[in-house]
Amino acid sequence: MDQWENILLLFLTCSVGPVSAAPVVKYPSGPSQMVRTELYFGAIPRSQWDGFLKQVITPLFPEGLTWFDVQGQWRAPDGVTRKLPSRMLIVLYADSRRNDQAIEQVRREFKNQFQHLAVLRVSMKVQAADDDWRPNRGLKRSAQYK
């Protein structure tokens, strides 16, 4: 290569800039400050859980939630560590007094209805975004979600 070809090659190399294969994540309105709460329940029969979910939890958090059947262990008041089937509920919600009280209502009603000693609560502030989440949105429910 002669001197002009080297200069042209150097110019082209410097003017292109870095290339990234990673997609850029764009939130429609940006992530929102939310609270993520995990509740850990002792397992109850599935039919009772489904009823509790429908009658207590879903009306308080109609925007959505996630739950799992899990295995856990805890040290009971008598000092003995017990392994037991459990359920974990995850709810993301706007940070408000109303939502905090709703979480406490879920805990209280579960303990009272099923005579459990405790429902563990873990809450943390998070940034979250969902393409279709907007507070107080009007929803037309499809048949699969009724």
Quick one: are the ring centres of F114 and F41 less than 6.0 Å apart?
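They do not qualify: ring centres at least 6.0 Å apart.
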Close side-chain approach of L39 and R107, heavy atoms under 4.5 Å
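SC-SC contact between L39 and R107 confirmed.
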Side chains of L60 and Y93, heavy atoms from C-beta outward: is any pair under 4.5 Å?
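No, side chains not in contact.
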Let me have the donor-acceptor pairs involving side chains of residues 71-83, under 3.5 Å, with sequence neighbours excluded, atom names and distances please.
{"unit_1": "D78", "atom_1": "OD1", "unit_2": "V80", "atom_2": "N", "d": "3.0"}
{"unit_1": "D78", "atom_1": "OD1", "unit_2": "R82", "atom_2": "NH1", "d": "3.2"}
{"unit_1": "D78", "atom_1": "OD2", "unit_2": "R82", "atom_2": "NH1", "d": "3.4"}
{"unit_1": "D78", "atom_1": "OD2", "unit_2": "R82", "atom_2": "NH2", "d": "2.8"}

Transitive ILVMFWY side-chain link W67 to L84, under 4.5 Å
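Different hydrophobic clusters.
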Shared hydrophobic cluster for Y40 and L117 (ILVMFWY, side-chain gaps under 4.5 Å)
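Result: no, two separate clusters.
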Which pairs pass salt bridge (Lys or Arg N to Asp or Glu O under 4.0 Å) with one or both residues in residues 38-47, sequence neighbours excluded?
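Sorted pair list: R36-E38, R46-D50.
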Heavy-atom neighbours of R98 CZ exceed 12 at 6.0 Å:
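Yes, enclosed.
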Are more than 12 heavy atoms, taken from residues, nucleotides or ligands other than E104, located less than 6.0 Å from that residue's CD atom?
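Atom CD in E104 is packed in, count exceeds 12.
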If the condition is side-chain hydrogen bond (donor to acceptor under 3.5 Å, both in side chains), which residues does S123 pass it with, not counting sequence neighbours?
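With neighbours one apart ignored, the set is T37, R121.
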Least distance between heavy atoms, A128 atom then M34 atom:
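Nearest heavy atoms, A128 then M34: CB-CG, 3.8 Å.
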Heavy-atom pair of closest approach, residues F61 and N99:
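So the minimum-distance heavy-atom pair works out to CZ-O, 3.8 Å.
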Before you tell me yes or no, could you show the steps for D95 and K125 under side chain to side chain contact (heavy atoms under 4.5 Å, CB included), namely the whole-Å CA-CA distance, both residues' side-chain angles and the distance that decides it to 0.1 Å?
CA-CA 8 Å; D95 190 3; K125 293 190 180 200; 2.8 Å; yes
Report the distance from atom [atom1] of [X] to atom [atom2] of [Y], rounding to the nearest 0.5 Å.
| X | Y | atom1 | atom2 | result |
| --- | --- | --- | --- | --- |
| T58 | F52 | OG1 | CZ | 10.0 Å |
| L65 | I57 | CG | CD1 | 6.5 Å |
| I44 | F110 | CD1 | CZ | 4.5 Å |
| E109 | Q55 | CD | CD | 10.0 Å |

